[in-house]
Amino acid sequence: MAEEEYGEAVLAIVDLVPEGRATTYGLIAEVLHEQLGRGGPRNVAAVMAGHGSLVTWWRVVRADGTLPAHLADEARQAYLGEGTPLRPTGAVDLAKAVWLPPDIHSSTP
DNA sequence: GTTATGACTATGG
DNA sequence: GCCATAGCCATAA
């Protein structure tokens, strides 16, 4: 159970990512692991695969700023429209565009 | 209960 | 710089 809760949490964080920025599966997974006690980049990806269409999925990239082949093409257009810093390789320049997810473990009273 | 799979990550060649 | 392997976590069959 609680798959929805995990999914909601993932979608919520993704929805919080500001324009022109991006975050990684690992970071989201790490924060969720603090909140829900379970975590894994694979699971975050699994949620995105199922509910990704409901959020700005292109703002979530892999640890090196790249994205799977079937998404890179569409994500690229989104990045151009939002002004997300990209690398010559077509990947997101995480050095500038990285966005740290809200660490509720320390921010929330 | 066991096996297979995945929008992942880190390390080694 | 790119390709292959190992490890990890949860879901689905």
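Just so we're clear, the structure is a prediction, and the values are computed from it rather than from any experiment. Only this structure's heavy atoms are used, side chains among them; waters, hydrogens and symmetry mates stay out. Convention: sequence-line order gives letters A, B, ...; per-chain numbering from 1.
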Within this structure, what is the [atom1]-to-[atom2] distance between [X] and [N], rounded to whole angstrom?
{"X": "A:Asp64", "N": "B:dA10", "atom1": "CG", "atom2": "P", "answer": "9 Å"}
{"X": "A:His33", "N": "B:dT9", "atom1": "NE2", "atom2": "C1'", "answer": "15 Å"}
{"X": "A:Leu71", "N": "B:dC8", "atom1": "CG", "atom2": "C1'", "answer": "13 Å"}

Shortest non-hydrogen pair, A:Trp57 vs A:Glu74, comes out as CH2-CB, 3.7 Å
Is A:Gly52 touching bases, backbone alone, or none of the nucleic acid, heavy atoms closer than 4.0 Å? base
In A:Val61, A:Thr66, A:Leu67, the residue satisfying side-chain contact (heavy atoms from CB on, under 4.5 Å) with A:Asp64 is A:Thr66
OP1 or OP2 of B:dC8 sitting under 4.0 Å from any side-chain N/O of A:Arg62? yes
pair_partner(C:dA13), Watson-Crick or wobble, both distances < 3.5 Å, evaluates to B:dT2
Checking N1-N3 plus N6-O4 or O6-N4 for Watson-Crick, or N1-O2 and O6-N3 for wobble, each under 3.5 Å, the partner of C:dC2 is B:dG13
What I want to check is whether the side chains of A:Glu82 and A:Trp58 have a donor and an acceptor closer together than 3.5 Å. yes
- Record whether the side chain of A:Tyr25 comes under 3.5 Å of the base of B:dA7 through a donor-acceptor pair of N or O atoms. yes
Self-check item: Base B:dC8 paired with A:Arg42 side chain (donor-acceptor, <3.5 Å)
Solution: yes
With the side chain defined as heavy atoms from C-beta on, A:Asn43 is closest, among B:dA10, B:dA7, C:dA10, to C:dA10
Open item on the list: Quick one, A:Val92 and A:Pro85 - any side-chain contact, counting heavy atoms below 4.5 Å?
Closed with: no
